[in-house]
Undergrad: 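Here it is, the structure, as structure tokens.
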There are 4 protein chains.
Amino acid sequence: MATRAHDDAARLARRNTILQAARSLFLLDPHQLPSAAHIANEAGLAKGTVYLYFRTKEEIFLALLGEEFFGLMQEIESIFADTSKLSIPSFLQRYAAYLEAHPEFLRLDAMTYSVLEQNMSHEVLREFKLALVAQLTKTGAQLDAALQFPAGRGASLLLRTHAITRGLWQSLAYPPALQTLLVDEVFAPIRPDFNSELMATLGEYWQGALQNSAPYPP
Amino acid sequence: MATRAHDDAARLARRNTILQAARSLFLLDPHQLPSAAHIANEAGLAKGTVYLYFRTKEEIFLALLGEEFFGLMQEIESIFADTSKLSIPSFLQRYAAYLEAHPEFLRLDAMTYSVLEQNMSHEVLREFKLALVAQLTKTGAQLDAALQFPAGRGASLLLRTHAITRGLWQSLAYPPALQTLLVDEVFAPIRPDFNSELMATLGEYWQGALQNSAPYPP
Amino acid sequence: MATRAHDDAARLARRNTILQAARSLFLLDPHQLPSAAHIANEAGLAKGTVYLYFRTKEEIFLALLGEEFFGLMQEIESIFADTSKLSIPSFLQRYAAYLEAHPEFLRLDAMTYSVLEQNMSHEVLREFKLALVAQLTKTGAQLDAALQFPAGRGASLLLRTHAITRGLWQSLAYPPALQTLLVDEVFAPIRPDFNSELMATLGEYWQGALQNSAPYPP
Amino acid sequence: MATRAHDDAARLARRNTILQAARSLFLLDPHQLPSAAHIANEAGLAKGTVYLYFRTKEEIFLALLGEEFFGLMQEIESIFADTSKLSIPSFLQRYAAYLEAHPEFLRLDAMTYSVLEQNMSHEVLREFKLALVAQLTKTGAQLDAALQFPAGRGASLLLRTHAITRGLWQSLAYPPALQTLLVDEVFAPIRPDFNSELMATLGEYWQGALQNSAPYPP
DNA sequence: TATGAATGAGTTTTCATTCAT
DNA sequence: AATGAATGAAAACTCATTCAT
């Protein structure tokens with residue numbers, strides 16, 4: 001029997017154990033959520049214990065998705081913290097690097113619509129969206145400041161940048177088994193490297209977007 | 001017992017009946033695929049009959065997705081057929097109109113990664129991708145011609161346009177139950193109207209993209 | 001469309017085609033009866049046609065079993081036709097050789113109880129048993145004559161010999177996948193070679209049986 | 001909800017409940033295995049619970065078959081425990097009595113080849129065969145001692161005795177519906193009473209076998 | 001708090017057989 | 001006679017979640 005988590009710190013630690021177990025199992029097979037039993041086992045806990053920390057299995061992954069999203073926003077904030085040496089290309093580079101370092105993010109994104117948002121109390125989902133919009137607004141405001149945007153423009157660009165990213169990923173990520181089936185040259189048009197394609201697409205998008213907004217490169 | 005579909009035309013018609021039954025049921029609850037039994041019933045057929053026309057339930061929806069995709073590409077071809085009165089904004093308008101008239105398209109797109117591509121023989125999937133890449137190339141070539149792009153640029157723009165669209169849709173489409181929970185003003189930044197947002201985002205993307213390519217508006 | 005079988009000879013030939021198709025498919029996987037569709041396909045016929053010749057799938061295999069059984073009895077009759085050079089060991093040798101040349105016989109026997117006799121009109125089954133008992137009586141009578149048995153003893157010995165054979169086969173025949181798992185020396189007691197074991201067991205049985213009956217080797 | 005089986009004893013008891021439920025349902029219709037749902041219901045449990053104790057439905061019946069087999073071997077050991085008053089006829093009598101008291105044994109035997117050994121992990125099957133060969137060897141050794149056989153002869157006789165029994169049973173056991181169709185006198189040769197036939201056949205077999213071996217009746 | 005035994009809803013797919021052509 | 005499209009019964013098994021201990 002696992003030790004009892006009596007104080008808040010211990011509870012938080014245990015919650016984290018579960019999240020990390022879920023994360024690592026999901027990465028092994030990112031096309032379906034691992035079973036609750038499997039997660040519990042990986043976390044060294046009993047099945048019932050998991051449900052003391054999350055009301056449904058999907059809540060676990062929503063929490064995971066949230067962590068990644070907030071992490072990404074913070075990364076962006078740190079990028080835009082020092083406006084002296086800022087350029088869009090270098091921003092995109094660090095953006096892409098973050099995604100590569102957190103492979104579960106876009107994979108979870110791809111399951112949001114059909115899996116994650118199902119089987120979840122709307123209460124929890126609303127809470128999640130509230131935190132999300134708050135973070136988006138905050139990071140967006142920093143962009144507004146850094147790039148002298150009108151209020152709200154930064155948040156909008158962030159939302160769109162994320163949307164473009166998730167869309168591209170879903171169009172270009174193939175399960176390993178399929179990858180080997182698509183090696184033929186005829187498939188080239190739908191098999192560019194995700195990272196280059198992401199950089200190119202976002203580059204073009206931001207170029208167009210900045211012309212519609214204010215200054216930026218003074 | 002349903003009438004026997006003996007010749008190819010009748011078989012094709014029956015196959016279509018199944019597709020339309022699947023389509024209409026899916027639109028009633030676009031977060032999960034309807035059951036095979038339900039589809040058969042809606043089509044006025046026995047369960048087993050459905051499996052005479054499709055090897056798995058998912059194949060039905062992949063076929064549906066394919067139809068929509070090819071329809072969209074044809075729509076685009078027809079848009080670019082008459083280059084005399086062409087403008088990007090009017091292209092985007094017709095593009096968005098097509099999507100609005102075919103609501104199942106983006107909903108199916110959202111299920112591709114986590115549901116559709118599962119439980120499907122790779123054989124069938126490869127076939128599907130092959131048809132898809134062929135269509136993309138063909139329509140892309142027309143763009144190349146119409147807009148004086150270097151070869152392949154049109155296909156690339158189409159792929160990206162589609163990716164942006166699917167990403168935006170997933171970021172902005174909320175299940176009805178959730179919509180009512182997000183009416184509060186604080187959620188405004190993540191609740192722009194999908195259509196306007198799509199037009200704005202694609203508009204900015206194409207603006208940026210065209211500057212990187214060749215001429216277009218001479 | 002296959003040619004029409006108008007006369008009796010043609011009908012018989014077609015029936016035989018079906019039997020042989022069933023036989024060869026069954027031997028490929030002798031743990032389950034092949035599907036009706038598969039049999040029809042192998043025979044170059046449509047599914048419905050098979051049901052013009054047999055009322056159920058199981059009837060096909062019962063017919064096959066019957067053929068083998070009657071063949072075996074005839075073989076035995078031919079063995080005992082020439083009493084001059086008869087000996088039990090040589091009889092058993094030819095008996096075993098027949099079985100080896102007709103591998104489907106004992107495999108079908110093993111499915112009789114749980115599969116074949118199910119899903120079969122009792123009418124057909126009774127008919128089958130009637131033919132069987134007639135053949136058994138006839139061949140048995142020849143044994144009675146050849147070995148100077150009291151009436152009925154021959155039939156009884158045949159029945160028992162068959163029973164011993166089918167029991168041994170079921171106790172010693174392992175599916176290929178299992179065979180490789182039982183190579184370890186500890187399994188030796190339950191893995192004697194079927195043929196030797198059959199000869200030994202029947203040899204002992206007949207030795208005991210003949211002492212209870214009459215003369216034989218004078 | 002059934003009471004929780006927390007300790008090993010309770011778990012064993014529950015497992016046994018399932019086995020007995022399966023047994024009694026199987027005897028009601030010994031030509032097919034009852035469904036898992038039916039077994040669960042009969043045991044007063046939910047379907048899922050059954051699968052906590054057995055991985056497949058077939059495993060249940062394999063376990064049942066094992067129990068009967070080991071019971072039979074133990075019976076034989078007890079028969080041969082007191083060599084003072086031993087005789088083959090009395091051995092066979094008690095052997096037959098055991099079979100009559102455990103009607104599911106031979107019925108399960110008849111399904112082994114075509115049903116039980118299917119849908120079963122080879123791992124489990126190997127385990128089963130291992131226990132079986134161990135028991136056979138042990139009981140066989142006792143025969144060797146009691147009847148002064150060369151080593152291994154006892155196990156061999158047991159294997160053959162079992163094989164003869166199962167073969168005879170399959171040749172002579174008719175489903176009730178069929179029995180009434182075979183009352184006619186012409187069927188007499190294939191309808192001897194199973195018990196008498198078993199005694200007679202095994203009697204003859206052992207008579208022949210003992211002459212090939214060592215002493216026995218001193 | 002932690003455990004893990006018990007629950008039971010839920011669905012795809014196969015395939016023997018029929019029968020309209 | 002031959003075809004093959006249509007039928008629909010039938011059942012194993014998983015797994016998220018609960019709750020007695």
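Numbers restart at 1 for each chain; the letters A, B, ... are given by sequence-line order, proteins then strands. Note that the coordinates shown come from a computational prediction; the quantities given were computed from them, not determined experimentally.
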Undergrad: Please report, rounded to the nearest Å, how far the C1' atom of F:dA16 is from the CZ atom of A:Phe61.
TA: 13 Å

Undergrad: Against the six-membered ring of B:Tyr53, is B:Arg11 placed for a cation-pi contact (under 6.0 Å from the centre, within 45° of the normal)?
TA: yes

Undergrad: Taking pairing as Watson-Crick or G-U wobble with both contacts under 3.5 Å, can you name the mate of E:dA20, or confirm there isn't one?
TA: F:dT3

Undergrad: Nearest nucleotide by nearest heavy atom, which residue falls closer to the 5' end of DNA chain F, B:Gly44 or D:Asn119?
TA: B:Gly44

Undergrad: Do the rings of A:Phe69 and A:Phe105 sit parallel, tilted or perpendicular, given the 30° and 60° boundaries?
TA: tilted

Undergrad: Hey, which of these two, D:Arg14 or B:Thr49, hits DNA chain E nearer its 5' end, going by closest nucleotide?
TA: D:Arg14

Undergrad: Just compare F:dA5, E:dA5, E:dT1 and give me whichever is closest to any side-chain atom of B:Tyr53.
TA: F:dA5

Undergrad: I want to check something: taking the side chain as every heavy atom from C-beta on, are A:Ile39 and A:Phe61 in contact at a cut-off of under 4.5 Å?
TA: yes

Undergrad: Grab the two heavy atoms, one from D:Met120 and one from D:Val124, that are nearest each other, plus how far apart they are.
TA: SD-CG1, 3.9 Å

Undergrad: Select one nucleotide: of F:dT7, E:dT17, E:dA5, the one nearest the side-chain heavy atoms of B:Ala46.
TA: F:dT7

Undergrad: Got a donor-acceptor pair under 3.5 Å from the side chain of B:Lys57 to the base of E:dT13?
TA: no

Undergrad: Please report the distance, rounded to the nearest Å, between CG in D:Asp7 and P in E:dT3.
TA: 19 Å

Undergrad: What's the closest nucleotide to the side chain of D:Thr56 if the choices are E:dT17, E:dT13, F:dC13?
TA: F:dC13

Undergrad: What's the NZ-C1' distance between C:Lys47 and E:dT21, to the nearest Å?
TA: 16 Å

Undergrad: Rounded to whole Å, please give me the gap between CG in B:Asn41 and P in E:dT12.
TA: 13 Å

Undergrad: Taking for each residue the nucleotide of DNA chain E with the nearest heavy atom, is it C:Ala37 or D:Thr3 whose nucleotide lies nearer the 5' end?
TA: D:Thr3

Undergrad: Verify the neighbour count for atom NE2 of C:His38: are there more than 12 heavy atoms of other residues, nucleotides or ligands below 6.0 Å?
TA: no

Undergrad: Would you mind telling me which residue lines up with the more 5' stretch of DNA chain F, A:Arg55 or D:Gly48, judged by nearest nucleotide?
TA: D:Gly48

Undergrad: Calculate the interatomic distance between C:His38 atom NE2 and E:dA16 atom C1'; express it in whole Å.
TA: 16 Å

Undergrad: Figure out the CG/P separation between A:Leu52 and F:dT21, and round it to whole Å.
TA: 18 Å

Undergrad: When all nucleic acid strands are considered with a 4.0 Å heavy-atom cut-off, which category describes C:His6: base, sugar-phosphate, or nothing?
TA: nothing

Undergrad: Return the value, rounded to whole Å, for the distance between atom CG of C:Leu33 and atom P of E:dT14.
TA: 19 Å

Undergrad: Grab the OH-P distance between A:Tyr51 and F:dT17 for me, whole Å please.
TA: 4 Å

Undergrad: When you measure from the side chain of C:Arg14 to the backbone N and O of C:Thr3, does any donor-acceptor pair fall under 3.5 Å?
TA: yes

Undergrad: Could you check which of F:dA16, F:dA12, E:dT12 has an atom nearest any side-chain atom of D:Ser35?
TA: F:dA12

Undergrad: Would you mind telling me which of F:dT3, E:dT3, F:dT18 lies closest to the side-chain atoms of A:Ala2?
TA: E:dT3

Undergrad: Taking 4.0 Å as the cut-off, does a side-chain nitrogen or oxygen of D:Arg4 come that near to OP1 or OP2 on F:dC19?
TA: no

